[in-house]
There are 2 protein chains.
Amino acid sequence: MSSTTRVPQEERTRAMRLRLMEATVELLVEKGFSGTTTTLVSERAGVSRGAQLHHFPTKNDLVVAAVAHLTEIRGSDLEAAVSRLPDGAGRTEAVVQMLGDHFASPVFTAALELWVAARTDAALLEAVAPLEQRVGRETHRLTVELLGADESRPGVRELMQATLDLVRGLGLANTLGDDARRRRKILKEWSRSLDAALKEKS
Amino acid sequence: MSSTTRVPQEERTRAMRLRLMEATVELLVEKGFSGTTTTLVSERAGVSRGAQLHHFPTKNDLVVAAVAHLTEIRGSDLEAAVSRLPDGAGRTEAVVQMLGDHFASPVFTAALELWVAARTDAALLEAVAPLEQRVGRETHRLTVELLGADESRPGVRELMQATLDLVRGLGLANTLGDDARRRRKILKEWSRSLDAALKEKS
DNA sequence: AAACAAACAGTCAAGCCTGTCTGTAAATGG
DNA sequence: CCATTTACAGACAGGCTTGACTGTTTGTTT
């Protein structure tokens, strides 16, 4: 039946699904959402069209699964970066720069493609919105924690949001040829203002 | 020949091109870039496909023209908003909020669709990039002017860029269901920090 | 070992999009 | 008023994408 345990098949299934999702993410970054055709995905993944359709009946299924996969990558990426964060004086800037780097990664680019596509695709939006909301909240929580900010003080929450919206904006600019140096300098200056504002409010 | 003066034809041409470009912008907002098909544009504009192809041989021609048209709208939009700006105490916040509103308008949404599409479309990028660069510089210049900031002081330039990248980020969030209240509060708080930082540096 | 289910392979048709092409109407210039 | 150019109309073909469909292999269960 289907309720009993199975092993090797599940393994194969997982591997195949993973390959398909990774190929999807790659293509999202390289060719954009509409350029990510199911045919290209199966070719890139080295999977027959039949197998692909077996695991992901429609393109939306595939893309949504890829998004979910993406959010996992995002999570572990961030965790890894967090562990390398220094304490003390330069803490704020280190945190902000880390966020900046994160939102300048291919992961963000792929997610951006999805957001923009989802804006005008109801079915996709339905799948992406809750996911992205969760990730957004989690990122916010993490930022507050890393900065040791006290959101019960008025204005602090808005500064956290501003920081995240800023890195989002920088991430967007980054997809269109902006360089890392510019980002660094902007975030450095931002960190100073943020530090000053937080200190004043504490 | 063609160097002599003509009137009614030129007028008709201008009107037809305008209708096509406006329909294109509308569809960009409603259906996204790939959803903006040439067929839909001609239908929306009430123009035959033949006429459309006569004025804009390819989809890229059409879209690029629409972008150019868009930047003009952006320009006059901003000018109009600037004239309504107050002086004195709340100046900084008024300027920042104005920028925030501007980057939350449909105009930004349409431009976003183009940026994202251009990222993976070399031909489009070639046409869009210089245009957007110009507009970006102009917006930067305007912001500096409106805020009366002195960019010769270290860090001030970065604060200006940060402000613009922040509103870009907020604009992006806005396309995915973010509300205006959140934006207002965030920008209000940032205005304070910005004011403090600018004062400190003067 | 046999029956059954899942995984995989590849072809096919339907639909859509883009740009070309041929043809018609209107307007300008001599 | 006629010739030429520009504006406009609509059919058409080529290419591509998606998802359905049929058939084959591999694994699982009894």
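Numbers restart at 1 for each chain; the letters A, B, ... are given by sequence-line order, proteins then strands. Computed from a predicted model, the values in this text were never measured in an experiment.
The distance between atom CG of A:Asp61 and atom C1' of D:dA20, rounded to the nearest whole Å, is 15 Å. The interatomic distance linking A:Glu43 (CD) with D:dT17 (P) rounds to 9 Å, in whole Å. Computed from coordinates, the B:Arg17 CZ to D:dT6 C1' distance equals 14 Å when rounded to whole Å. Atoms NZ (A:Lys31) and C1' (D:dT17) sit 15 Å apart, rounded to a whole Å. Atoms CE (A:Met16) and C1' (D:dT25) sit 14 Å apart, rounded to a whole Å. When the P atom of C:dA9 is taken as reference, atom CG of A:Leu20 falls 10 Å away, rounded to whole Å. Going from atom CG of A:Leu124 over to atom P of D:dT18 covers 13 Å, rounded to whole Å. When rounded to the nearest whole Å, the span between CG of B:Leu62 and P of C:dC17 equals 15 Å.
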Indicate every side-chain donor-acceptor pair of residues 21-32 of chain B with a distance under 3.5 Å to a residue at least two apart or in another chain.
{"unit_1": "B:Thr24", "atom_1": "OG1", "unit_2": "B:Leu20", "atom_2": "O", "d": "2.7"}
{"unit_1": "B:Glu26", "atom_1": "OE1", "unit_2": "B:Arg44", "atom_2": "NH1", "d": "2.8"}
{"unit_1": "B:Glu30", "atom_1": "OE1", "unit_2": "B:Arg44", "atom_2": "NH2", "d": "3.0"}
{"unit_1": "B:Glu30", "atom_1": "OE2", "unit_2": "B:Arg44", "atom_2": "NH1", "d": "3.1"}

Quick one: side chains of residues 61-75 of chain B, donor-acceptor pairs under 3.5 Å with protein atoms, not counting sequence neighbours, listed by atom name and distance.
{"unit_1": "B:Asp61", "atom_1": "OD2", "unit_2": "B:Thr58", "atom_2": "N", "d": "3.3"}
{"unit_1": "B:Asp61", "atom_1": "OD2", "unit_2": "B:Thr58", "atom_2": "OG1", "d": "3.1"}
{"unit_1": "B:Thr71", "atom_1": "OG1", "unit_2": "B:Ala68", "atom_2": "O", "d": "2.5"}
{"unit_1": "B:Arg74", "atom_1": "NH1", "unit_2": "B:Glu132", "atom_2": "OE2", "d": "3.2"}

List, one per line, each side-chain donor-acceptor pair under 3.5 Å for residues 153-162 of chain A, sequence neighbours excluded.
{"unit_1": "A:Arg153", "atom_1": "NE", "unit_2": "A:Asp150", "atom_2": "OD2", "d": "3.4"}
{"unit_1": "A:Arg157", "atom_1": "NH1", "unit_2": "A:His140", "atom_2": "NE2", "d": "3.4"}
{"unit_1": "A:Arg157", "atom_1": "NH1", "unit_2": "A:Glu151", "atom_2": "OE1", "d": "3.4"}

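Against DNA chain D, the stretch residues 45-59 of chain A makes heavy-atom approaches under 4.0 Å through A:Arg49, A:Thr58, A:Lys59.
Scored by the salt bridge (Lys or Arg N to Asp or Glu O under 4.0 Å) test, A:Asp121 finds no partners at all (sequence neighbours excluded).
In this structure, A:Thr39 reaches the bases: a heavy-atom distance under 4.0 Å links it to at least one base atom across the strands shown.
For the OP1/OP2 pair of D:dC16 and a distance below 4.0 Å, the side-chain nitrogens and oxygens of A:Thr37 include no atom meeting the criterion.
A salt bridge between A:Arg134 and A:Glu138 is absent, with no side-chain N of the basic residue lying under 4.0 Å from a carboxylate O of the acidic one.
Pairs of residues two or more places apart, or lying in two chains, that qualify as ring pair (Phe, Tyr, Trp, His ring centres under 6.0 Å) and include a residue from residues 74-104 of chain A are A:Phe103-A:Phe108.
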